[in-house]
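Below you'll find the structure, written out as structure tokens, and then a few comments.
Ligands are counted one by one from 1 in listed order, and the atoms in each one are counted from 1 as well. Along the sequence shown, the residues carry numbers beginning at 1. Atom set for the values below is all heavy atoms of this structure, side chains included, hydrogens, waters and symmetry mates excluded. Not measured: the values here are computed from a predicted model.
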Amino acid sequence: MPITSIHSFPMMPTSGFTALLERYDRPGPRYTSYPTIDQCGESEGPQAYYQALQSRVVGGLQRPLSLYVHVPFCASVCYFCACNKVITKKHDQVADYLNCLEKEARWVAQSGTAMTPVVQFHMGGGTPTFLTDHELKDLVERLEKIFPFAKHAERSIEVDPRTVNKERLGSLRGMGFNRISFGVQDFDPLVQKAVHREQSFESVESLVAAARALGFESVNVDMIYGLPHQSTGTFARTLDQLIALSPDRIALYGYAHMPERFKPQRRIHIDDLPDAEARLDILSLAIDKLQAAGFDYIGMDHFAKPSDALSKARRQGVLHRNFQGYTTQPDADLIGLGVSAISRIGPTLIQNSRNLEEYQYSVNKQGSAVFRGHVSDRDDLIRQTVIMAILCQGELEFADFLETHWVDFQEYFSRELDSLSEFVEDGLLIWDDVGIRLTERGWFFVRPIAMCFDRYVRKSGLQGSQVL
Ligand code: SF4
């Protein structure tokens with residue numbers, strides 16, 4: 001039994017909140033998995049993936065599937081981008097790429113995984129809508145022939161508003177997509193110009209209205225704070241426009257400027273970026289305004305309307321987290337198709353080659369293009385449970401832990417519990433004989449709290465301060 005069966009949402013941050021944001025402003029993993037993908041090594045290759053796929057059918061027990069397809073192509077580059085993409089205006093590479101996706105899907109299916117339904121299907125990129133409607137439809141149909149899709153599967157797609165119109169949205173709906181995510185980032189023209197991603201508020205507004213009229217069940221909008229020329233003044237206007245759109249979900253990510261690692265970011269002038277204090281003021285303002293507008297804070301960069309399934313799942317303590325972020329779907333095995341795609345089958349984490357030519361060469365040669373992986377040990381799995389409980393339920397009970405894992409939590413994690421004291425002192429966490437539980441404010445600090453239990457962050461000695 002959880003400590004509380006119904007979870008309340010964090011209320012409006014009050015005084016001292018920005019100081020806390022500043023204190024715990026530590027870059028860290030987004031924990032779409034634990035261990036994070038950076039822990040994969042090249043010693044685990046296609047064989048580990050094959051064995052993991054094979055082991056799904058042992059004993060007749062199989063988990064449902066989540067399917068992710070990566071489309072790497074983009075017609076133009078956004079300067080903040082840290083994604084794996086190929087910038088091109090030409091379509092001549094698309095046909096070969098779609099053939100490779102099909103080949104890879106068949107290789108996976110032949111390893112025995114096609115027997116469980118796909119309950120979650122997500123297309124991301126790059127820009128999935130770089131593909132024409134005909135190419136997208138063809139790809140979806142090919143995948144449907146290979147994998148059995150559940151009747152009510154969540155089918156979501158990331159959409160760059162500059163690449164679609166109302167008619168295209170209608171085509172996507174006709175292909176079965178029922179969730180849509182628009183990449184917006186900011187509505188301010190100066191900010192948009194500085195990051196090379198210009199799109200008018202009016203165009204996004206009419207697309208969101210069209211998506212609703214077409215019956216998309218959930219409309220998400222991605223935003224970024226910390227971009228060049230942003231200030232509380234400019235972002236307040238952007239937030240007002242965002243709120244007027246009334247999306248079901250909002251993802252608000254912090255921009256991390258790492259030009260040495262991500263080449264497009266070299267086009268962003270460091271002097272144009274808001275300083276650390278301004279960044280936190282912008283974040284604090286965003287949290288205030290979104291909550292005042294009625295959005296619930298879900299945790300780790302995400303907001304949703306109270307009527308949205310994510311909010312309901314969070315209230316009921318049944319939220320999950322996977323590579324798509326927060327989800328209502330219970331744990332499924334993830335099959336990632338395409339260049340750089342990540343798969344997770346039980347304890348095995350796998351990533352495909354991040355280079356398009358290498359990916360296509362490997363798939364054409366052997367059906368898969370794994371270049372690195374990681375098989376979780378018992379300690380990884382124990383820590384995964386703790387980290388996901390903090391991120392999704394905001395609490396865990398020591399007695400439950402003993403029952404499930406045969407581990408005395410307080411003994412096993414004595415060092416980690418010691419490092420939680422600063423959060424307890426700041427009123428972000430309650431730690432007693434029963435367990436640990438986030439306070440309402442603590443939900444805004446789930447990342448640094450979860451990082452206390454991350455063996456790899458601790459081992460690096462960086463305390464998360466230099467970890468992506
Ligand atoms: S942000 Fe999206 S559209 Fe822009 S370059 Fe990156 S992947 Fe492409």
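The ring-ring contact (aromatic ring centres under 6.0 Å, His included) test with Phe303 singles out one residue from Tyr253, Phe295, Tyr297, and that residue is Tyr297.
If you check the side chains of Thr238 and Asp186, you find a donor sitting under 3.5 Å from an acceptor.
Under the 4.0 angstrom criterion for non-hydrogen atoms, Glu158 is not in contact with ligand 1.
Around atom 6 (Fe) of ligand 1, the protein N, O or S atoms closer than 2.8 Å are Cys81 SG, listed by chain and residue number.
A salt bridge between Arg106 and Glu102 is present, with a side-chain N of the basic residue lying under 4.0 Å from a carboxylate O of the acidic one.
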Extract all donor-acceptor atom pairs below 3.5 Å that involve side chains of residues 365-373 and protein atoms in other chains or at least two apart in sequence.
| unit_1 | atom_1 | unit_2 | atom_2 | d |
| --- | --- | --- | --- | --- |
| Gln366 | NE2 | Ser368 | O | 3.4 |
| Arg372 | NE | Gln351 | OE1 | 2.9 |
| Arg372 | NH2 | Gln351 | OE1 | 2.8 |

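Using a distance-only test at 3.5 Å, with no hydrogens or angles considered, a donor-acceptor pair links the side chain of Asn364 to the main chain of Gln360. With hydrogens and angles ignored, the 3.5 Å screen pairs no side-chain donor or acceptor of Arg179 with any backbone N or O of Ser218.
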